[in-house]
Amino acid sequence: MKNHAELSEVFNKDEQRVNWHDETLWFVRQKRDKATHQIPDWEELREAASQIKHNVLSDLGNYLEQFEKNAVNNGIRVHWAVDAQEHNKIVHSILKRHGISQMVKSKSMLTEECHLNHYLEDKGINVVDSDLGELIVQLAKEPPSHIVLPCIHKKKEEIGDIFHEHLGSAKGEADPQILTETARIHLRNTFLSRRAALTGVNFAVAETGEFVVCTNEGNADMGAHLSDVHIASMGIEKLIPKRKDLGVFLRLLTRSATGQPITTYSSHFKRPRPGQEMHIILVDNGRSVQLGREDFRNSLKCIRCGACMNTCPVYRRSGGHSYHTAVAGPIGSILAPNLDMKQYADLPFASTLCGSCSNVCPVKIDIHEQLYKWRQVIVKEGYGDKKKAAAMQAMAYTLSSPKVYRLAGKAGRWVMKHTPFAVNNPLNPWYKQRDMPEAPKESFGEWYAKNRG
Ligand code: SF4
């Protein structure tokens, strides 16, 4: 079973990388702050977005049907997938029907969640990720470590080595401009030779049956416009009721993500161009279960801006891969236990509960409160760490009796003084990264009893 604390240790071995990862994401967080301070009605916007999403989640079935009806009228073929497996099968069946064995794909965290690339590769389909960060991690055979900045854990020198090996750039070349040009040339040929393109969906509008894809590189547009078959994969929570609601979300999304006023491309797809086939796959994969969990349903408001990751002190210093799930960080730690409580039981504990994530969330998800609630559910369901649970029980017993508390304090001070190795050893996880304090001669209670007069 994978564990966040153990995986973080791997990331923490390279202290320089940890510091630089921490500082880079904090820089993005500061850019977000500057961008939000320029909007006087920022808090009203957040509240509006939260309420719009609340409305959608309260009537999701009807909005989905409305979207389906309008999309079909526009000429889009709509598919429903109950889980990741069905989603992957649908994508494969569309490609198979057209005899297509190569596809270009823009950023879609849903396809990461469904492990689509592996599924298609096993079926002999070649998939090229066209987002620059996604392309880098694909070539490195790694998953993305951040939902907006997929290769934020990599230095430019490492990217230079990857491009040298796979794309033929000069050995030792680490100039970001030249590396980007190299990727651009490679991708241009890919775009021109692929008949199928898959994109994600940032927002789908129930009123019009259209969907909106936001990118900074224009890669989704390039893929979709040049392809004969455009497939869009969408989680069922991505709906908004009306086109006018988009203004609220587009203003919030990129300011929260990267500090830009708006994404470079916010493209609306409403109908296929003549001769093209356009498909949209509406994927549940556990979302309706989460919708039914009163305490956690708000997590479906997420617009995947990544701000909660950039601000999280644990994420910044443990890296995205330590979360061992497609969506890392605070929001991923709420979403993942819904899919598999046992496999992801560790994630809600990977937080200080400082609340910074909830403060920056543009749709006002009570992230840290949900993390705290998941901890309670996980322990109640018997998936918690058994050693920690036993320690907590011992602590509860000790703290509930002044006599036991005084005795335990005395024993602890004696052990720390006379047999320090009993606590200062590598088996003690607390000691691994910290020095244990020197034990005082007496407790405060004892000192007070002596000195109060
Ligand atoms: S939970 Fe909020 S802050 Fe985190 S990615 Fe989603 S919308 Fe952004």
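Both ligands and their constituent atoms are indexed starting at 1 by order of listing.
Residue-and-atom listing of protein N/O/S atoms under 2.8 Å from atom 2 (Fe) of ligand 1, sorted by chain and number: C361 SG.
Residues passing the side-chain contact (heavy atoms from CB on, under 4.5 Å) test with A48 are V248, sequence neighbours excluded.
Between Y315 and H146, the ring-plane angle classifies as perpendicular under the 30° and 60° cut-offs.
Distance from atom 5 (S) of ligand 1 to its nearest protein heavy atom, with residue and atom name: G306 N, 3.2 Å.
Taking 4.0 Å as the cut-off between side-chain N and carboxylate O, K89 and E86 do not count as a salt-bridged pair. A salt bridge links R97 with E277: the closest approach of a Lys/Arg side-chain nitrogen to an acidic carboxylate oxygen falls below 4.0 angstrom. Here E369 does not pair with K364 in a salt bridge; the nearest charged N to carboxylate O distance is not below 4.0 Å.
Between the side chain of K386 and the main chain of G382, a donor-acceptor pair closer than 3.5 Å is present.
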